[in-house]
Amino acid sequence: MRLATLDNGTPDGTLVVLSRDAERCLRAERTMQQAMEDWQQAERVLRSLADRLDDGEGEEFDQGRLLAPLPRAWQWLDGSAFPQHGELMQQAFNLPPIETDRPLMYQGLSDRFLPGHADVPLPNEADGIDFEGEYGVITDAVPMGVTPQQAMAHIRLVILINDWSLRAIAPVEMKTGFGWVQAKPACAAAPFALTPDALGEAWKDGRVQLPLHVTLNGQWFGHPHGGEMAFGFHDLVAHAARTRDLVAGTIIGSGTVSNADYAKVGSACISERRAIEMIDSGAPQTPFMRFGDRIRLEVEGGIFGAVDQIVVGA
């Protein structure tokens, strides 16, 4: 199934099921959060609506009225599951490797996820405005102590995320040892959320086996593949749930999609490209984003819709 949240004037919108061509929808008379909290019952209703859409029912809708699939979440946990990204950063900035065999993860701002088409107001170009293209999952309620195998069954939806970052602020906050606040404004999400089965063979080993196409101001920036995660999403869910339950509606991100063959496939964030330039020539050449710049993230076939955003002054 392909799901979305239609703006109805309330903070959480209304959940809709989309036709296979994403041109028609049927309303589910509940929010995405409510569906996550009672997924077993909600899934039966949603799949019934999907069958009706296959029979030709449904109303046309304006994609410009779609919010993020889960417009606000109880919890947003972002990983860094692509090892090549971290290795490039360590090499470029002469940082010691992080000595751990556990997934890397932090807890970020979750009270809003911007629609994929929304302009992004930020206070200052000097803050080092950057995008980060990544995949994410939404879980139902996850009990403490689940194994990765058990965690797989709690992954209900897969989404596409732009994790906005302010690179000039991040090093200052990292030195405090308390994590990010100012360096991580609200994320954005592409409009469509897919059940894992809707991805078919592209969902394997808890990973999205598809390239993420990135263009900046209309120019190719990269198309790294989602399959190179060192830890699958099931591993990330189990890691997050090691010492606590995860509330239904928890969103977990993969971190910036990054590949070992970066010279060929490019990158999904400016910071990584700048790191590559530092390694190759001793200095970064690609500037961070300025007001008026446009970033677009999408997967071939538009299965998630697109993140297509312009940065503007606050």
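Every value quoted in this text rests on a predicted model; they were computed, and no experiment measured them.
- Put simply, the side chain of P185 reaches to within 4.5 Å of the side chain of L122, judged on heavy atoms.
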Return a table of donor-acceptor pairs under 3.5 angstrom between the side chains of residues 259-268 and protein atoms on other chains or two or more places apart.
residue : atom : partner : partner atom : Å
N259    : OD1  : H225    : N            : 2.6
N259    : ND2  : H225    : O            : 2.9
S267    : OG   : E272    : OE2          : 2.9

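- By the 6.0 Å contact criterion, CD on E201 is open, its count of non-hydrogen atoms from other residues, nucleotides or ligands being 12 or less.
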For this session: Decide yes or no on side chain to side chain contact (heavy atoms under 4.5 Å, CB included) for W164 and D130, but give the supporting numbers first.
Result: CA-CA 6 Å; W164 286 100; D130 198 0; over 6 Å; no
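- In this structure, the side chains of M105 and H239 come closer than 4.5 Å at one or more pairs of heavy atoms.
- Atom OG1 of T256 and atom CG of L88 lie 11.0 Å apart (nearest 0.5 Å).
- Between D111 and R72 no salt bridge is recorded (no basic side-chain N to carboxylate O distance below 4.0 Å).
- Within the hydrophobic cluster formed by Ile, Leu, Val, Met, Phe, Trp and Tyr side chains joined at under 4.5 Å, directly or through other members, W74 is accompanied by V247.
- Under the 6.0 Å distance and 45° angle rule, R274 counts as a cation-pi partner of F288.
- Side-chain polar atoms of H117 and D308 form no donor-acceptor pair below 3.5 angstrom.
- With a 6.0 Å radius and a threshold of 12 heavy atoms from other residues, nucleotides or ligands, R290 has its CZ atom at or below the threshold.
- In this structure, the salt bridge (charged side-chain N to carboxylate O under 4.0 Å, His left out) partners of E132, at least two apart in sequence or on a different chain, are R167, K184.
- In this structure the side chain of V311 reaches within 4.5 angstrom of the side chain of F291, judged on heavy atoms.
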